[in-house]
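This report refers to the structure that appears directly beneath it.
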Amino acid sequence: MILTAATWNVNSVRARLSHVTRWLSENPVDVLCLQETKVTDDLFPGDELAGLGYSATVHGQKSYNGVAVLSRVTLEDVFTGLPSGFLGDQARLLSFRCRGIRFLNAYVPNGGDVALPAFELKLRWLTELLAAADSTAEPVIVMGDFNVAPGPDDTHSPEEQEGSVCYHPHERERIQAFLHTGFVDMFRVFHPEGKAYTWWDYRAGAFRRNMGMRLDLVLASQTAAPLFRGVKIDPEPRGWDKPSDHVPVLCDVEVPE
DNA sequence: ATGGCCGGGAAGCCCGGA
């Protein structure tokens, strides 16, 4: 059977609730990983989503960050945060097993600016994310907002952006470290050529001018990659009224009955 | 050339985002 899974940074799940419900009714995926929910667990709008047949597994905090999984299939072995506890006061990682696959739903720190200490924390967070993803024999899928464009086709102006946050060589090296470890950037397996974006700045008419970046990634371990049947970006919600600045990335994964 | 927008929470601005 095919398991359908998606990742979407919604930039506040409460502000985007109508978009999430609309999108799920049009794209009834089995698993939807959310980032930047920006809400404590007690205020997560679970009842509205239960009406669509989805249960919510949440790891939130007030105002900032927050990850959650909406699912209509059973999740097992849920845990939150990096194993070391690094940046444990920020809700950025939610891991679970589904149909024999270990998923990591990740919201990587933005880093602010390459000159700031926050940027070094981002690099270390990425290093620890890889260690966590590489620590199990299960097939692994890491999906979420990586806040890094892996290569020149993943951003609108690579020459201008070279060395700036989300396109600094040290960040791209961290993505390369995933690939060297055997992880595969699944979107590029199915769409190897051409510019492709998942995020467009709210400012400057960036979406209208298609000045975006591909920051939302699906990385699959060596044993998970052959299970993939397709990956696509859905740019549509970026054109809806009061959108998130990110759009969903969907994938089809073949799993045993 | 520059900057242009959001959300949350507090407060009538500031932080953080990317």
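Just so we're on the same page: letters track the sequence lines, and every chain starts at 1. Since the structure is predicted, the reported quantities are computational estimates derived from the model, not experimental observations.
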Sugar-phosphate only, base, or nothing, as touched by A:Y167 at under 4.0 Å among non-hydrogen atoms: nothing

OP1 or OP2 of B:dA18 under 4.0 Å from side-chain N/O of A:H246: yes

Nearest-Å distance for atom pair CH2/P, residues A:W200 and B:dG4: 22 Å

Between CH2 on residue A:W200 and OG on residue A:S244, distance to nearest 0.5 Å: 10.5 Å

More than 12 heavy atoms from other groups under 6.0 Å of CD on A:E26: yes

Length of the CH2-C1' vector between A:W199 and B:dC6, whole Å: 12 Å

Presence of A:R92 side-chain N/O under 4.0 Å of B:dG17 phosphate oxygens OP1/OP2: yes

Aromatic ring proximity A:W23/A:W240, centre distance under 6.0 Å: no

Side-chain N,O (A:N9) to OP1/OP2 (B:dA18) below 4.0 Å: yes

A:R16 side-chain N/O to B:dG7 phosphate OP1/OP2 under 4.0 Å: yes

Separation of the C1' atoms in B:dG8 and B:dG12, to the nearest angstrom: 15 Å

Atom-pair distance (CG on A:L34; P on B:dG7), nearest Å: 16 Å

Distance below 4.0 Å between A:Y202 side-chain N/O and B:dG16 OP1 or OP2: no

A:K62 vs B:dA10: side-chain N/O to OP1/OP2 distance below 4.0 Å: yes

Sugar-phosphate, base or nothing in reach of A:A204, heavy atoms under 4.0 Å: base

B:dC14 to B:dT2 separation - P atoms, rounded to the nearest Å: 24 Å

P-based separation of B:dG16 from B:dA1 [nearest Å]: 31 Å

Nearest-Å distance once atom C1' is located in both B:dC15 and B:dA11: 13 Å

Presence of A:K38 side-chain N/O under 4.0 Å of B:dG16 phosphate oxygens OP1/OP2: no

Pair A:W199-A:D145, side-chain donor/acceptor within less than 3.5 Å: no

Distance, rounded to the nearest Å, where A:D201 contributes CG and B:dG3 contributes C1': 10 Å

Pairwise P distance, B:dG3 and B:dG7 [rounded to whole Å]: 22 Å

Sugar-phosphate, base or nothing in reach of A:N110, heavy atoms under 4.0 Å: base

CD (A:Q176) with more than 12 external heavy atoms under 6.0 Å: yes

N or O in side chain of A:N147 less than 4.0 angstrom from B:dA18 OP1/OP2: yes

